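Have a look at the structure below before the remarks.
Lettering follows sequence order; numbering is per chain, from 1. Every value quoted in this text rests on a predicted model; they were computed, and no experiment measured them.
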Amino acid sequence: MSRPPKPANQTPVDQVLAALVDPTRRQAFELLVDNSPATATGLSAVLGVSRQAASKHLLQLVDSGLASTERSGRETLYRADTSGLEPLVTWADQTAQLWSRRLDRLSEM
Amino acid sequence: MENASVTTRRRLPQEPEEVWEHLTSPKGFEHWMGPGSTIDVQPGGRLTAADVESGDPKTGRVLEVDPGERLRWAWRPLGSPDGVSEVEIELIPGIDDGVEDGQGGGTEIVVTERPSTFAVPWSAQGAQACAAGGMAFR
């Protein structure tokens, strides 16, 4: 299956956001968070897309560090990996701290 | 719904006009952003921030100017094509400062920063909740 190349110049935060910007893929991730492990076939029914489309979204989540796979007989099982959200959480923490310090400087005036 | 974003709020005793002056005047901007920082306060105007707090100088463009009320810009680390984010600063007047002097006044400053490469309709708080376990982030 062909996948779009991962742009080299994205920050980790951008990569997580890029993976989740697609509504169907975001829904797939949310479903996985609640229902791991799941198969592409199982998720395709809930998402209302073909199994192939579901597989493609799931593989992109895997590429972005938001899901992992394991084999079970002939099936591929997908699990959500919420640790993949860490770049975003780290960015949020750092950004909040920086603005708090910048506003400290502003309020000194 | 909001994009992935971080919002920081602070109450200041000064009126919005005075806070705006501190935010945007050459001397004020340099004080809170660091030596050598400049901002051309008009849409499309250039912004150069020493950003002493992060130690990571930034360059950007002013997007929106509403004197005394709102300032919006996009910036990124100097010398880097990525890591672009958008900053919106709002000044909200009339916050009660708790002093019974009949003056009221003061300003609440609300700063929101969001990565601008992708518009994703959920909040960073939602992502944290999700990371903490099993919650959809909307």
Straight-line distance of B:M33 CE to A:L106 CG, nearest 0.5 Å: 9.5 Å
Common cluster, A:V62/A:L66, ILVMFWY with side-chain heavy-atom separation under 4.5 Å: yes
Where A:A92 and B:V6 come nearest, the two heavy atoms and their spacing: CA-CG2, 3.4 Å
Check: B:H31 main-chain N/O paired with A:R105 side-chain donor or acceptor under 3.5 Å: yes
Hphob cluster co-occupancy, B:V84 + B:L78, side-chain heavy atoms under 4.5 angstrom: no
Same apolar cluster: B:V87 and B:V65, side chain cutoff 4.5 Å: yes
Residue pair B:P115 / A:D14: nearest heavy atoms and the distance that separates them: CB-OD1, 4.5 Å
Path from A:L32 to A:L77 over hydrophobic side-chain contacts below 4.5 Å: no
Joint hydrophobic cluster, A:V49 plus A:Y78, side-chain heavy atoms closer than 4.5 Å: yes
Nearest-0.5 Å distance that lies between atom CZ in A:R101 and atom OG in B:S54: 8.5 Å
Minimum-distance pair of heavy atoms, taken over all atoms of B:R114 and A:W91: CA-CH2, 3.9 Å
Distance (rounded to the nearest 0.5 Å) between A:L98 CG and B:T8 OG1: 9.5 Å
Salt bridge (charged side-chain N to carboxylate O under 4.0 Å, His left out) against B:R10, all qualifying residues, sequence neighbours excluded: A:D104
Reported CD1-to-CH2 distance for the pair B:I109 and A:W99, which is rounded to 0.5 angstrom: 8.0 Å
4.5 Å side-chain heavy-atom contact, B:R9 and A:L103: no
Steps toward side-chain contact (heavy atoms from CB on, under 4.5 Å) verdict (B:V19, A:M109): CA-CA 9 Å; B:V19 176; A:M109 295 177 71; over 6 Å; no
Part of B:E18 within contact of chain A (heavy atom distance under 4.5 Å): neither
Spacing of CD belonging to B:E53 relative to OG belonging to A:S100, to within rounding of 0.5 Å: 9.0 Å
